[in-house]
Structure formats: C-alpha cells, structure tokens
Protein chains: 2
Amino acid sequence: MKSDEIKKAALKYFTIHGYEGTSLSQIAEDVGIKKQSIYSHFKGKDDLFLSVLKDAKEMELSSYVEYFNIMKKSDPEKMLYGFLEEMIKMFQEVESLKFWLRMGFFPPTHLYNEIQKETDDLQVQQEALMEKIFGTWISAGVLNSGDARTLTLAYSGVIVAIMVELVYADNPDRVAEKLAASWTIFWRGISK
Amino acid sequence: MKSDEIKKAALKYFTIHGYEGTSLSQIAEDVGIKKQSIYSHFKGKDDLFLSVLKDAKEMELSSYVEYFNIMKKSDPEKMLYGFLEEMIKMFQEVESLKFWLRMGFFPPTHLYNEIQKETDDLQVQQEALMEKIFGTWISAGVLNSGDARTLTLAYSGVIVAIMVELVYADNPDRVAEKLAASWTIFWRGISK
DNA sequence: CATAACCTAACGAACGTTCGTCAGGCAAGT
DNA sequence: ACTTGCCTGACGAACGTTCGTTAGGTTATG
C-alpha cells in the first residue's frame with residue numbers, strides 16, 4: 001500500500017526534524033512521488049501527521065500490553081528489569097517510539113489539543129496496567145512497601161529517564177551505565 | 001539593550017515552537033521592530049540561536065553551581081530533595097531551562113554538532129559537581145552504599161524524570177505526585 | 001461481449017504566502 | 001562628521017495547497 005509507505009517516510013522525518021522542519025516534498029521524494037500526489041492519500045499535512053500519530057500510539061500501547069501479559073506471572077525483579085531492557089531494544093528498532101516521545105514533549109502548537117488527548121489517553125492506560133501489577137505484588141507481599149500508585153509513578157520515572165538517555169546521547173555504553181545505576185537504586189528502594 | 005530583548009523573545013519562541021517553527025518576523029514583532037533590523041544585532045538566524053543557546057547554558061550551569069555551593073554542607077536528604085524542589089520552581093520561572101531541555105533532546109539538525117558540544121560540556125560539569133558531593137557523603141558514611149558514580153547517574157535520572165513531567169503535563173498536582181513518588185523510592189534506595 | 005461510466009493514483013503547473021537575507025537610506029547620539 | 005540602530009524595499013527560495021488532466025483499472029449497462 002502506497003499510503004503506508006508515505007506514513008513510514010513521514011514518521012522518519014517527523015521524528016528527526018519535527019513537524020515544522022519536515023516538508024511534504026521531502027517525504028514524497030523519499031517515497032518516489034511528487035508532493036502533490038500525497039493529496040491523493042491524505043487531506044493535507046495535518047491529516048498525514050495525525051494519521052502517523054495514531055499508528056504510533058497503537059504501536060506503543062500494543063507493545064506495552066504484549067510484554068505485560070507475557071511477563072506478569074514472573075517475579076517482579078525479572079519483569080521490571082526485563083521491561084527496561086526490552087524498551088531499550090525496541091527504541092532502536094521501532095521508530096515510532098521516538099516519534100511518540102518527541103511529539104508528546106514538543107507538539108506542533110496548532111495540534112496541541114488533539115495530541116494531548118492521545119498522549120493522555122495512552123498514559124492513563126499504561127499506568128493502569130502497571131498499577132494493577134504492582135497491586136498484586138504488594139498483596140502477595142513480595143515487595144517491601146507503599147502503595148501501588150507510588151511504585152507506578154517511580155517506575156515510570158525510571159522508564160522516562162532511560163528513554164531520555166536514549167534520545168539524548170544514543171551512546172550504548174552511556175545508556176547501559178544509566179540503566180544499571182537507575183535500576184540498582186530503584187530496586188533497592190522497592191524490594192524487601 | 002535591544003539585543004537582549006531580541007534574545008529574550010527568541011528564547012520564548014524557540015522554546016515553544018522550536019527552531020524551524022520560529023520565524024524572525026515573529027521575534028521582531030514581539031520586540032516591536034522589523035525582522036530585517038535583527039540583522040543589526042546578529043548575523044542571521046543561526047547566530048541568534050547559538051547566542052541564545054550559550055546564554056541558556058550559562059544560566060543553567062550557574063544556577064547549578066550556586067545551589068550546590070550553598071547546600072553542600074547540609075545533610076544529603078535535605079539537599080537532594082531541596083534541589084528537586086528548587087528545580088521545579090526554577091523551571092517555571094526561568095524560561096531558559098525549558099529551552100535548554102528541548103534543544104538538547106531535539107536540536108535543529110544542521111546545528112547538531114555545535115549544540116552537542118555545549119550539552120556534553122554542561123553535562124560533564126554537572127555530573128562532576130554531583131559526583132564530588134556524593135563522594136564526600138560516602139566517605140563520611142552518611143549514605144548506605146555503592147560508588148559515587150552510580151548515585152550520580154541515578155539522581156540525575158530522577159531530575160530528568162521530574163523535568164520531563166514539567167514539560168509533559170505542566171499540571172502542578174501531577175508534578176508534585178511524581179516528585180513524591182520518585183523521591184520516596186530513590187531515598188529509600190540510597191539511605192542507610 | 002463491448003462499451004460507457006466511474007474510481008484511483010499520479011502528474012505538471014501554478015497559486016498565494018512566508019521564509020531568511022541583502023542593500024541602501026534616514027535619523028539620532030557621540 | 002561618523003557610527004549605530006532601525007527603517008523601507010526587494011530578493012530567490014521554499015512552503016502547503018489547489019487545479020485540471022492523464023493513464024489505468026474496475027464496475028455496470030446495454
């Protein structure tokens with residue numbers, strides 16, 4: 001499907017150059033068509049962008065759900081650490097994660113409301129997923145402390161810190177070092 | 001000074017709309033001059049941008065150094081938690097912090113090298129500052145564990161997580177909740 | 001079966017607008 | 001008198017978008 005090719009190229013450039021820094025001619029050239037032809041598939045730049053955004057959201061959410069469903073039976077240490085590792089791997093393979101991160105932080109202002117709605121929705125779903133798992137662990141007495149909400153927020157903080165490191169430097173050694181440090185302290189903070 | 005006004009307006013728009021999304025006419029209008037008059041003060045858009053960048057770096061570093069010098073004598077808990085609170089306050093008051101964060105994450109690609117150089121330099125200085133303090137605390141035996149490097153990286157992770165929350169939602173309650181959660185776990189992870 | 005009507009995807013050309021930038025002139029402060 | 005700051009005017013380039021048109025495939029009609 002040609003429109004998928006267009007979205008794929010659009011994802012790439014939106015991620016690297018942002019919304020304003022990406023031109024339709026750039027995307028079209030990447031696909032091998034003229035920029036006018038994009039209008040056969042999308043109403044315009046905004047329509048294309050929002051379409052890419054929705055795909056990225058779906059991708060992000062499904063990978064979350066998938067991993068959590070697979071791992072929810074294993075012990076907390078293995079699962080929580082494993083998820084961080086998995087995320088690092090995905091971040092380099094799946095381009096939509098970086099796109100999502102960028103647009104969540106710094107959305108094009110004229111689309112702020114539409115983007116905010118999506119990011120909020122995703123965040124709520126992700127946190128609900130986590131909170132439930134932390135809740136079962138606390139009930140089972142395998143974790144030290146506190147309420148599920150606190151653990152969820154702290155853990156998602158660790159996730160964000162790693163993601164930022166991935167965007168910021170993209171230096172594998174640095175990322176590994178950061179992961180090790182953050183995990184060490186976090187795990188010591190929540191384990192018995 | 002008029003060039004300071006220009007830089008101030010530029011900072012504002014660069015922060016909100018990014019490099020590509022900001023036009024010189026926008027900046028000029030904000031100052032009350034024509035866009036061509038900007039060229040009386042700066043060589044061009046890039047020159048203005050890099051000038052703003054250097055100011056922001058200086059601001060960020062000096063506020064770091066200032067706080068650390070004042071607080072280095074107090075106990076770890078008070079200082080580390082206090083710094084997070086201070087950062088939240090500054091983030092809303094000092095615009096250059098948000099600017100710095102954005103450009104560190106998503107720089108305009110054609111200025112990547114110049115920006116990377118500055119961000120790297122700042123990061124090294126900040127981490128050196130932290131690591132030294134953690135080192136003295138460890139030597140004094142007031143902290144539980146590990147090497148200073150690990151604590152530094154983990155703590156800067158907490159900082160980043162809070163900053164991201166500030167950018168992401170800008171909801172004071174949400175930020176406070178995140179701070180409380182991250183701090184609780186982090187402190188439990190490093191204290192005796 | 002043939003043909004007419006329609007749909008899709010792509011095109012070249014052009015639209016009006018905005019972009020960053022350069023050149024030259026005019027007024028004020030030293 | 002000379003520099004400095006801001007102005008007007010203009011520039012080529014690029015932007016997103018619209019237009020009319022073409023080629024090819026699908027569907028419906030006679």
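Numbers restart at 1 for each chain; the letters A, B, ... are given by sequence-line order, proteins then strands. Just so it is clear, the values below take in all heavy atoms, side chains as well, and ignore hydrogens, waters and symmetry mates.
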Peer 1: From the list C:dG20, D:dT17, D:dT8, which nucleotide is the closest neighbour of the side chain of B:Gln36?
Peer 2: D:dT8
Peer 1: Does the cation-pi check pass for A:Lys45 over A:Tyr19, that is, NZ or CZ under 6.0 Å from the six-membered ring centre and within 45° of its axis?
Peer 2: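 That pair qualifies as a cation-pi contact.
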Peer 1: What is the distance from CD of A:Glu20 to P of D:dG16, rounded to the nearest Å?
Peer 2: 11 Å
Peer 1: From NZ of A:Lys45 over to C1' of D:dT18, roughly how many Å is that when rounded to an integer?
Peer 2: 17 Å
Peer 1: Please report the distance, rounded to the nearest Å, between CD in B:Gln26 and C1' in C:dG20.
Peer 2: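 Answer to the nearest Å: 14 Å.
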Peer 1: Does OP1 or OP2 of D:dC6 have a side-chain N or O of B:Lys34 closer than 4.0 Å?
Peer 2: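 Looking at the OP1 and OP2 atoms of D:dC6, neither is under 4.0 Å from any side-chain N or O of B:Lys34.
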Peer 1: Before accepting this row, confirm whether a basic side-chain N of the pair A:Lys57/A:Asp121 lies closer than 4.0 Å to the acidic partner's carboxylate O.
Peer 2: yes
Peer 1: Rounded to the Å, how far apart are B:Lys35 NZ and D:dT8 C1'?
Peer 2: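 Result: 13 Å.
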Peer 1: For D:dC7, does either OP1 or OP2 sit under 4.0 Å from a side-chain N or O belonging to B:Ser37?
Peer 2: yes
Peer 1: Verify the contact: side-chain N or O of B:Ser25 to OP1 or OP2 of C:dT18, cut-off strictly under 4.0 Å; return yes or no.
Peer 2: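 So the side chain of B:Ser25 is outside the cut-off, no N or O lying under 4.0 Å from OP1 or OP2 of C:dT18.
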Peer 1: Tell me: OH of B:Tyr39 to P of C:dC19, nearest whole Å?
Peer 2: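 It is 12 Å, rounded to the nearest whole Å.
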Peer 1: Inspect the contact between B:Glu29 and B:Lys35 and indicate whether a charged nitrogen and a carboxylate oxygen are less than 4.0 angstrom apart.
Peer 2: no
Peer 1: Roughly how many Å is it from CG in B:Asp46 to P in C:dC19, rounded to a whole number?
Peer 2: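 Going from CG in B:Asp46 over to P in C:dC19 covers 16 Å.
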Peer 1: Using OP1 and OP2 only, check whether a side-chain N or O of A:His41 sits under 4.0 Å from C:dT8.
Peer 2: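 For C:dT8, OP1/OP2 do not have a side-chain N/O of A:His41 under 4.0 Å.
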Peer 1: Less than 6.0 angstrom from the centroid, inside 45 degrees of the normal: does A:Lys12 satisfy that with respect to the ring of A:Phe99?
Peer 2: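 Ring-cation test returns no.
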Peer 1: Less than 4.0 angstrom between a side-chain N/O of A:Ser23 and OP1 or OP2 of D:dC15, yes or no?
Peer 2: yes
Peer 1: In whole Å, what is the span from the CD1 atom of A:Ile38 to the P atom of C:dC11?
Peer 2: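 One finds 10 Å between P of C:dC11 and CD1 of A:Ile38, rounded.
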Peer 1: Over 60° means perpendicular and under 30° means parallel, so classify the ring planes of A:Trp183 and A:Phe186, tilted if in between.
Peer 2: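 Tilted, since the angle between the ring planes falls between 30° and 60°.
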Peer 1: Would you classify A:Thr22 as touching base, sugar-phosphate or nothing, given that sugar-phosphate means primed atoms plus P, OP1 and OP2, and contacts are heavy atoms under 4.0 Å?
Peer 2: sugar-phosphate
Peer 1: Provide, to the nearest angstrom, the distance between the NZ atom belonging to B:Lys2 and the P atom belonging to D:dT4.
Peer 2: 17 Å
